[in-house]
Amino acid sequence: MNIPQSSFPRVVIIGGGFGGIALAKKLSKKEAQVVLLDMHNYHNFQPLLYQVSTGGLEPDSIAYPIRKVLQGYPNFFFRLANVEEIKTDTKRVKTNIGEIFYDYLVVATGSETNFFGNKGIETKGMAMKTIPQSLNLRSLILENFEQALLTDDLHERDALMNFVIVGGGPTGVELAGALAEIKKGILPKDYPDLDTRRAQINLVQGGDRLLPAMSAKASQKAEKFLEELGVNVWKNIRVTDYDGKRVSTNTKTIFDAETLVWAAGVKAVGLKGLDAEEMLCRGERLRVNHFHQIEGLEDVFAIGDVAQMESEDYPHGHPMMAQPAIQQGRNLGNNLVRLLEGRPMKPFVYKDKGSMATVGRNKAVVDMPNFKFQGVFAWFVWMFVHLYFLIGFRNRVVVFINWVYNYVRFDREARLIIRPFKKQNRVKRDNLIQD
């Protein structure tokens with residue numbers, strides 16, 4: 001990989017997501033050689049992917065070059081690589097561009113969509129976990145409306161304008177709200193010769209309430225907001241199959257839809273060599289101790305979505321969200337410095353700063369540790385928090401301007417078919433190395 005020799009210990013980080021970036025920043029000015037590997041040369045702000053899918057933002061507004069994040073830091077190196085195997089016996093990482101030796105290895109590969117073995121949904125449905133996937137979904141949504149203009153078959157036209165979103169977590173709720181606003185404020189202007197009132201947005205949740213990880217009040221409010229926007233909320237229904245046109249469920253309910261978005265689960269992005277049975281937990285997460293060390297390994301760590309640190313408060317590990325990954329990255333950075341200085345490491349303690357979800361214009365729900373609120377104020381809080389955690393001043397400014405413009409004009413001008421997408425041409429993607 002053409003990494004220079006150094007007298008400093010080498011820390012190899014796999015993944016440039018929230019956890020990997022937070023860790024690299026902590027080590028950036030310490031006596032350590034840091035090598036970050038990722039399949040992409042950018043950090044992806046996943047919480048706003050749904051806005052790319054619905055034309056609210058362009059992808060470069062939520063992506064930031066990894067090299068620029070750590071630009072000017074001594075002893076930092078980035079390599080664009082796909083990790084193929086971890087060789088813990090020789091302390092080497094095998095990639096598509098060669099092998100690299102490590103003194104300490106940190107796995108921050110994040111998560112990917114979990115289809116739970118359903119091949120029909122995996123091949124015919126749409127995921128929304130990466131920027132390319134979000135662009136594909138944006139193209140498909142717009143292409144479906146273009147196709148609806150051309151057909152005189154009413155059933156086919158309805159299916160083209162019928163959207164089924166599976167999963168009532170934050171991703172599903174936010175996407176459903178965004179699509180409902182497009183139906184209400186944009187489609188009638190873009191397609192005056194099409195009866196867009198027949199468009200249907202269906203949100204299907206397998207459990208008895210939306211946003212199950214949040215408070216009951218937040219769930220109730222989110223459902224009320226969605227229903228006010230015209231979203232059909234289906235609870236206690238599980239989608240079992242999809243053939244590209246018909247959505248089957250475990251009940252008599254069937255949806256005829258050309259677009260199914262799967263937001264019903266994620267799993268850790270695994271790596272060969274770290275797949276022993278004693279290392280893995282539910283969702284293929286790596287079992288780690290309170291110092292982030294992987295089970296049975298002292299010099300290999302895992303943080304973020306890929307790591308499962310069990311405790312009394314979190315028996316199944318921490319939530320697979322940005323905040324745990326960021327906090328774990330910072331804590332591990334401090335611990336690695338302590339290791340290098342011969343001091344004992346400190347166990348990780350997660351500080352829950354709350355959770356939130358936006359449902360649409362002036363509608364959001366926020367659960368803070370000490371209080372909970374919904375509505376307009378929650379919406380402003382949601383915007384502020386997301387702007388704050390975006391990487392890069394330009395991105396913050398661009399996103400803010402877009403939000404103000406969209407709010408004033410009630411418009412989403414990024415509804416562009418840059419690259420046409422057809423489901424039958426879709427191929428299964430490779431695993432991503434990004435949290």
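For the numbers below, each heavy atom of this structure counts, side chains included, while hydrogens, waters and symmetry mates do not.
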Using the ring of each side chain (for Trp, its six-membered ring), is Phe373 parallel, tilted or perpendicular to Phe371, with breaks at 30° and 60°? parallel

Less than 4.0 Å between a side-chain N and a carboxylate O, is that true for Asp190 and Arg412? no

When the ring centroid of Phe225 is compared with that of Trp379, is the distance short of 6.0 Å? no

Would you say the ring centers of Trp382 and Trp403 fall short of 6.0 Å from each other? yes

Smallest heavy-atom separation, Asp153 atom then Thr151 atom, equals N-OG1, 3.1 Å

Scanning both residues in full, the closest heavy-atom pair of Asp411 with Arg415 reads OD1-NH1, 2.6 Å

Is there a donor-acceptor pair closer than 3.5 Å between any side-chain N or O of Ser219 and the backbone N or O of Leu210? yes

Would you mind reporting whether Tyr42 and Asp60 have side-chain heavy atoms less than 4.5 Å apart? no

Does a sphere of radius 6.0 Å around NZ in Lys184 hold more than 12 heavy atoms from other residues, nucleotides or ligands, not counting ones at 6.0 Å or beyond? no

Please walk me through it: do Gln220 and Lys224 pass side-chain contact (heavy atoms from CB on, under 4.5 Å)? CA-CA 6 Å; Gln220 294 167 4; Lys224 180 182 177 182; over 6 Å; no

Under a 3.5 Å distance rule, please check whether Asn114 uses its side chain to pair with a backbone N or O of Gly265 as donor and acceptor. no

Taking the six-membered ring for Trp, are Tyr314 and Tyr350 parallel (under 30°), tilted (30 to 60°) or perpendicular (over 60°)? perpendicular

Work out which heavy atom in Leu36 is nearest to a heavy atom in Gly20; give both atom names and the distance. CD1-O, 4.3 Å

Could you go through the salt bridge (Lys or Arg N to Asp or Glu O under 4.0 Å) check for Lys119 and Glu122 one step at a time? CA-CA 5 Å; Lys119 295 301 180 182; Glu122 184 174 2; 3.6 Å; yes

Show the numbers, then the answer: is there a side-chain contact (heavy atoms from CB on, under 4.5 Å) between Val173 and Val365? CA-CA 11 Å; Val173 166; Val365 292; over 6 Å; no

Between Ile66 and Gly16, which heavy-atom pair has the shortest distance, and what is it? CD1-CA, 4.1 Å

Quick one: does His318's side chain get under 4.5 Å of Gln323's, heavy atoms only? no

Using a cut-off of 6.0 Å, state whether more than 12 heavy atoms not belonging to Phe410 lie near its atom CZ. yes

Closest heavy-atom pair and its distance - Gly120, Asp241: CA-OD1, 3.8 Å

Quick one, Pro65 and Gln71 - any side-chain contact, counting heavy atoms below 4.5 Å? no

Is the shortest side-chain N to carboxylate O distance from Arg138 to Glu58 below 4.0 Å? yes

With the side chain counted from C-beta on, respond yes when Met161 and Asp195 share a heavy-atom pair under 4.5 Å apart, and no when they do not. no

Phe400 side chain near Met383 side chain, heavy-atom distance below 4.5 Å: no

Kindly indicate whether the side chain of Val233, heavy atoms from C-beta on, has any atom under 4.5 Å from the side chain of Glu227. yes

Backbone N/O of Ala257 and side chain of Tyr242: donor-acceptor pair under 3.5 Å: yes

Dump the intermediate steps for side-chain contact (heavy atoms from CB on, under 4.5 Å) on Ile418 and Leu135, then the final yes or no. CA-CA 8 Å; Ile418 299 297; Leu135 288 173; 5.9 Å; no

Can you tell me if Arg394 has over 12 outside heavy atoms packed within less than 6.0 Å of its CZ? yes

When Glu223 is tested against each of Arg209, Lys217, Lys235 for salt bridge (charged side-chain N to carboxylate O under 4.0 Å, His left out), which residue passes? Lys235

Output yes when a side-chain donor or acceptor of Asn96 lies under 3.5 Å from a complementary backbone atom of Asn82, and no otherwise. yes

Other residues, nucleotides, ligands: >12 heavy atoms within 6.0 Å of Arg419 CZ: yes

Evaluate Leu179 against Lys183 for side-chain contact (heavy atoms from CB on, under 4.5 Å), listing each step before the verdict. CA-CA 6 Å; Leu179 286 174; Lys183 172 188 173 181; over 6 Å; no

Classify the side-chain pair Lys129/Thr171 by whether it contains a donor and acceptor separated by less than 3.5 Å. no

Any side-chain heavy atom of Phe163 within less than 4.5 Å of one from Val261? no

Between Ile62 and Gln51, is any pair of side-chain heavy atoms under 4.5 Å apart? no

Which residue in the set Val93, Leu80, Ile13, Ile97 passes side-chain contact (heavy atoms from CB on, under 4.5 Å) when paired with Leu37? Val93

In this structure, are over 12 heavy atoms from other groups packed under 6.0 Å from Arg338 atom CZ? yes

Please collect all side chain to side chain donor-acceptor pair (under 3.5 Å) contacts where either partner lies in residues 261-290, sequence neighbours excluded, each pair once. Asn289-Gln293

Greater than 12 external heavy atoms within 6.0 Å of Lys189's NZ: yes

Specify the closest pair of heavy atoms between Pro369 and Asp352, including all atoms of both residues, with the distance to one decimal. CG-O, 3.0 Å

Give a yes-or-no answer on whether the side chains of Thr259 and Asn144 include a donor-acceptor pair shorter than 3.5 Å. yes

